[in-house]
Structures are given as structure tokens and as C-alpha cells.
Amino acid sequence: MQILALSYSKAMGRIFFLGVNTGYVRDETPTAQHIKFHADRSGNGLYCTIVGNVLTPRGHGTNSVCARISRAPEWKTLANEIQNSGAIAGIQLSSTWTEYQGIKEFKNKSPENKLDEYLLVAKKINNNNIKDLFSDLRSASELSIEAGFKHIQLHAAHGYLFNLLLDPFFSSNYELALEEFCRWVEYLKANNIESSIRLSTKIGVAQIDSNDTRLAELMDTPCDYVDLSQGLYNIEKRLIYPTLAEILDARWETNIDTAKRHPNRNFIASGKFRSNNARSRVLPENINIGICRDLIANPNFLGNRSDGCQNKMKCHYFSRNEDSLSCGKWNK
Ligand SMILES: Cc1cc2nc3c(=O)[nH]c(=O)nc-3n(C[C@H](O)[C@H](O)[C@H](O)COP(=O)(O)O)c2cc1C
């Protein structure tokens with residue numbers, strides 16, 4: 001496989017701190033640790049911090065330590081602190097469903113069963129459910145705007161609920177979901193709020209991944225950014241948090257190919273951007289950089305880009321049966 005060469009040397013787009021579900025939550029509300037974690041990482045020229053995996057008012061969590069958007073004053077403090085550190089305050093809104101359970105292992109031993117489960121959940125969602133879910137998303141967005149967030153991302157990746165609604169492979173009511181999504185984007189635009197949607201371009205199932213045009217319509221909506229991720233949580237987590245060189249290289253191949261095929265669309269692309277595994281190809285101008293683990297490991301990573309994540313894997317607290325985020329580097 002061709003070695004990619006991604007470097008910071010070219011005039012690069014904006015830099016985003018991507019969603020992290022920290023578990024720093026009490027009663028579904030961010031704790032002081034959650035607020036400090038994000039404030040500490042929102043300087044050094046970062047464009048936007050996206051607070052990860054926040055539940056809509058009636059949404060279901062991916063685990064028991066998810067935050068839920070509300071009128072609790074901590075949300076205002078969080079948005080303010082991010083902004084005071086220099087970045088735009090962003091929030092990623094998300095939901096799963098009542099019986100949802102995330103698997104602990106990184107790679108599912110029987111992925112076909114999980115794929116069937118996803119398809120079954122999607123099949124049960126009717127038009128009224130879709131309207132209801134987007135109305136809940138609208139309420140979540142109103143609360144986010146009230147709290148001071150200026151960028152709202154819909155989490156439609158990793159096999160969560162909006163992924164199943166907006167991916168035509170899963171969704172049986174895709175047209176309506178797409179229409180509702182565009183209405184949501186227009187609502188944000190009317191309120192001067194930046195919008196993004198996170199998608200899983202590849203999901204680890206060859207039959208689906210070979211179709212490059214699966215998500216084509218979502219590339220043409222009026223949304224400000226498409227955030228390119230990969231993987232379904234219950235099938236192959238290594239695609240969500242790529243560490244192996246071959247997975248990272250393949251992810252950047254897809255990121256670059258997608259950006260080239262949609263030159264008028266702004267993207268956010270991630271995958272160990274500064275890593276030694278990912279080198280030497282010029283990025284298309286419509287790619288903005290998303291960073292997660294390097295900034296988890298070192299809040300000042302953007303000030304010293306050689307000092308980031310060392311793949312200690314401790315941050316995967318759910319898979320390790322822990323309640324909240326930690327990093328092998330912090331203990332030094
Ligand atoms: C501990 C941890 C928590 C994460 N939580 C979320 C999340 O809440 N929402 C999301 O879309 N992605 C989440 N991700 C994925 C990251 O946003 C990012 O896409 C991924 O780590 C690849 O970027 P990186 O190589 O810069 O770390 C998480 C990643 C890690 C390591």
C-alpha cells in the first residue's frame with residue numbers, strides 16, 4: 001500500500017478537537033473535571049472543540065456515564081470556558097435505543113449477528129418515530145444554543161441511532177430521514193449555528209464498503225461539514241480508533257478519495273494525523289483536521305506536536321470496565 005504523507009507544512013484548514021465521551025458526568029451533567037478537560041484543550045489556535053456524545057432530552061446512552069443536554073448551568077459554563085480558551089464551543093448530539101448495549105471487545109467474533117441486529121432495529125423505525133426523533137434533536141439543539149454552543153454536530157456514525165436512520169443501507173425510511181436532516185440544518189443556519197454530521201464511511205463489512213456512493217446524498221446537503229469517521233461500535237472498534245498502520249493508511253486513503261470526489265464540500269478528517277504511520281501526501285484543500293487522542297494525551301499538543309498519544313490504550317475506559325477517561329501518559 002502506498003505510504004501516505006500527511007504533514008502540517010501545507011496551509012491547512014481548521015483544526016477540531018473531536019468528540020470524546022469522557023464519563024466525567026454526575027446526574028447526566030458535566031462535572032468540573034469535564035469542564036476543565038475541555039477548557040484545557042481549547043487553545044493554541046484550535047478552531048472548535050466538539051463535546052462528544054451528548055444525549056438528546058429523550059435519547060438513550062451508549063453507556064451509563066453519558067451526559068444529557070439540559071438547562072443545568074454547567075452546560076453554559078462548559079460552552080463559556082471553551083470559548084474563553086479560544087475555540088468555538090461545539091457539541092455532538094446523539095442517541096441509541098432502549099435495549100442498546102455496547103460490546104466490550106474491540107472486534108466482534110460474530111459480526112454477522114450484530115449486523116442483523118442493527119438491521120432489525122432500523123426496520124422497526126417508522127415514519128412517526130423518525131419525526132419524533134428529529135423533534136427531539138431539535139429540542140436538544142435549542143438547549144445547546146441556549147447554553148452558548150455555536151457548532152452542533154449530529155452523531156450519525158458508529159452504529160448509533162441516527163447512523164441507522166441516515167445510512168441507506170440500514171434505513172427503511174431514508175428519504176424522510178434525509179428530509180428531516182436538511183430541515184434541521186436549515187434551522188441551525190437560520191440561528192447562525194455551524195452544523196456538521198459525523199458519518200462512518202466504512203463499516204468493516206466488505207459487501208457494504210465496496211459501494212462508494214452509499215452516502216453520496218449526505219455529501220450534498222447544506223450542512224457545513226461532514227466529519228469522516230469509520231466503523232460500527234459493535235462490529236469493529238479498531239476502525240473507530242485506528243492505531244494499526246494499515247488501518248490508518250486505509251482510513252486516510254478513503255478520507256482523501258472522498259474529499260476529492262466532493263470538492264465543494266468541507267470535511268473534517270481524522271486518524272492519528274501526526275502519526276509516523278500516516279505520511280507524505282498533500283491533503284485536498286477541503287479537508288479540515290480532526291484530532292482526538294493526541295489532545296487527550298497532551299492538552300498542549302498543538303503547541304508541541306511531537307508530544308501526543310503513545311497508544312497506551314488506557315483511554316478506552318468502557319472496554320476496560322472503567323467509568324471514566326484516563327490516559328497512560330497522564331500517570332507519568
Ligand atoms: C476515549 C475516546 C472517546 C471517544 N468518544 C467519541 C465520541 O463520544 N463521539 C465520537 O464521535 N467519537 C468518539 N471518539 C472517536 C474520536 O472522536 C476520533 O474520531 C478517533 O479517536 C480518531 O481520531 P484520533 O486518531 O485523532 O484519535 C472517541 C475516541 C476515544 C479515544
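Quick note: numbers below take in every heavy atom, side chains included, and nothing from hydrogens, waters or symmetry partners.
Residue Gln33 holds its CD atom at 4.5 Å from OH of Tyr24, rounded to the nearest 0.5 Å. Leu154 CG to Arg198 CZ: the interatomic distance, rounded to the nearest 0.5 Å, is 12.0 Å. Rounded to the nearest 0.5 Å, atoms CD (Glu179) and NZ (Lys131) are 8.0 Å apart. Annotation: the span from Ile50 atom CD1 to His155 atom NE2 amounts to 10.5 Å, rounded to 0.5 Å. Considering CD1 of Ile296 and OG of Ser326, their distance stands at 10.0 Å, rounded to 0.5 Å. Put simply, CD1 on Ile130 and CG on Leu176 are 5.0 Å apart, with the number rounded to the nearest 0.5 Å.
Taking all atoms of both residues into account, the shortest heavy-atom contact from His151 to Ile88 is CB-CG2, 4.1 Å. Heavy-atom minimum distance, Asn108 versus Asn234: ND2-O, 2.8 Å. The heavy-atom pair separating Tyr118 from Leu164 by the smallest distance is O-CD1, 3.8 Å. Here the closest heavy-atom approach between residue Ile69 and residue Pro57 is recorded as CG2-CD, 4.2 Å. Scanning all heavy atoms of the two residues, the minimum distance from Ser195 to Val185 falls at OG-CG1, 3.8 Å. Residues Ile193 and Asp224 approach most closely at O-OD2, 4.1 Å, considering heavy atoms.
Distance alone, capped at 3.5 Å, is enough to place a donor-acceptor pair between the Ser144 side chain and the Ala140 backbone. Formation of a donor-acceptor pair under 3.5 Å by the Arg41 side chain with backbone atoms of Phe17 is not found in this model. Using a distance-only test at 3.5 Å, with no hydrogens or angles considered, no donor-acceptor pair links the side chain of Asn255 to the main chain of Ala269. For the pair Asn163 (side chain) and His158 (backbone), a donor-acceptor distance under 3.5 Å is present. When atom types are taken as modelled, the side chain of Gln310 and the backbone of Lys312 share no donor-acceptor pair closer than 3.5 angstrom. Listed for the Ser200 side chain is no donor-acceptor partner under 3.5 Å among the backbone atoms of Ser229. Listed for the Asn288 side chain is a donor-acceptor partner under 3.5 Å among the backbone atoms of Phe267. Panel note: side chain Ser270, backbone Gly290; no donor-acceptor pair is recorded below 3.5 Å. Distance alone, capped at 3.5 Å, is enough to place a donor-acceptor pair between the Ser210 side chain and the Gln207 backbone.
For the residue pair Lys104 and Asn321, a side-chain donor N or O sits within less than 3.5 Å of a side-chain acceptor on the partner. Between the side chains of Asp136 and Ser95, no donor-acceptor pair of N or O atoms lies under 3.5 Å. Side-chain polar atoms of Thr213 and Asn211 form a donor-acceptor pair below 3.5 angstrom. No side-chain donor-acceptor contact under 3.5 Å links Ser196 and Asp227. Between the side chains of Arg14 and Tyr225, at least one donor N or O lies within less than 3.5 Å of an accepting N or O. For the residue pair Glu217/Tyr174, the side-chain donor-acceptor check at 3.5 Å is satisfied.
For an aromatic pair to be called close, the ring centres must be under 6.0 Å apart, and Trp252 with Phe273 satisfies this.
Under the 4.5 angstrom side-chain criterion for Ile, Leu, Val, Met, Phe, Trp and Tyr, Ile103 has no cluster partners at all. Taking Ile, Leu, Val, Met, Phe, Trp and Tyr as hydrophobic and joining them when side-chain heavy atoms fall under 4.5 Å apart, one finds Leu120 isolated, its cluster having no other members.
In this view, His34 and His38 satisfy the ring pair (Phe, Tyr, Trp, His ring centres under 6.0 Å) rule, not counting sequence neighbours. Taking the side chain to side chain contact (heavy atoms under 4.5 Å, CB included) definition, one finds that Ala87 meets it with Ser42, Leu46, Thr49, Ile82, sequence neighbours left out. The side chain to side chain contact (heavy atoms under 4.5 Å, CB included) test applied to Asn126 returns Asn128, Asn129, not counting sequence neighbours. Considering only residues two or more places apart in sequence or on other chains, Thr29 meets the side chain to side chain contact (heavy atoms under 4.5 Å, CB included) condition with Ala72, Glu74. Every residue two or more places apart in sequence or in another chain that forms a side chain to side chain contact (heavy atoms under 4.5 Å, CB included) with Lys36 is listed here: Asp40. For Ser319, the side chain to side chain donor-acceptor pair (under 3.5 Å) test picks out Lys237, with sequence neighbours left out. With sequence neighbours left out, the side chain to side chain donor-acceptor pair (under 3.5 Å) criterion links Asn286 to no other residue. The side chain to side chain donor-acceptor pair (under 3.5 Å) test applied to Glu117 returns Lys114, not counting sequence neighbours.
The existence of a salt bridge linking Asp212 and Lys202 is confirmed by a sub-4.0 Å separation between a basic side-chain nitrogen and an acidic carboxylate oxygen. With salt bridges taken as basic N to acidic carboxylate O contacts below 4.0 Å, none links Asp294 and Lys272. Contact check on Arg71 versus Glu146 returns a salt bridge, with a Lys/Arg side-chain nitrogen under 4.0 Å from an Asp/Glu carboxylate oxygen. Under 4.0 Å is where a charged nitrogen must lie from a carboxylate oxygen, and between Glu186 and Lys189 no such pair does. One finds a salt bridge joining Arg58 and Asp132 here, because a Lys/Arg side-chain nitrogen approaches an Asp/Glu carboxylate oxygen to under 4.0 Å.
Taking hydrophobic clusters as Ile, Leu, Val, Met, Phe, Trp and Tyr residues chained together by side-chain heavy-atom distances below 4.5 Å, Phe149 does not share a cluster with Val25.
Looking at heavy atoms from C-beta onward, Val54 lies out of side-chain contact with Gln92 at the 4.5 angstrom threshold. Looking at Ile125 and Leu161, their side chains come closer than 4.5 Å, going by heavy atoms from C-beta outward. Val205 has its side chain out of reach of Glu236: every pair of non-hydrogen atoms, C-beta onward, lies at least 4.5 Å apart. Two residues are said to be in side-chain contact when any heavy atoms from C-beta on lie closer than 4.5 Å; Arg293 and Pro242 meet this criterion. Counting heavy atoms from C-beta outward, Val121 and Tyr100 have side chains that stay 4.5 Å or more apart. For the pair Phe170/Leu115, a side-chain contact is recorded, criterion being any heavy-atom separation below 4.5 Å from C-beta on. With a 4.5 Å cut-off on side-chain heavy atoms, Arg68 and Ser70 do not count as touching. The shortest side-chain heavy-atom distance between Ile247 and Leu239 falls under the 4.5 Å cut-off.
Counting non-hydrogen atoms of neighbouring residues, nucleotides and ligands closer than 6.0 angstrom, the CG atom of Asn304 exceeds 12 such neighbours. Arg261 CZ: more than 12 foreign heavy atoms inside a 6.0 Å radius. The environment of Gln101 atom CD is sparse: at most 12 non-hydrogen atoms of other residues, nucleotides or ligands sit within 6.0 angstrom.
Applying the ring pair (Phe, Tyr, Trp, His ring centres under 6.0 Å) test to every pair with at least one member in residues 44-88, sequence neighbours left out, gives these pairs: Phe16-Tyr47. Screening residues 182-205 for ring pair (Phe, Tyr, Trp, His ring centres under 6.0 Å) gives Phe181-Trp184 as the qualifying pairs, with residues at least two apart or on separate chains.
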Handout entry: Verdict with reasoning, Ile291 to Leu18, per side chain to side chain contact (heavy atoms under 4.5 Å, CB included)
Key = CA-CA 6 Å; Ile291 296 176; Leu18 294 182; over 6 Å; no

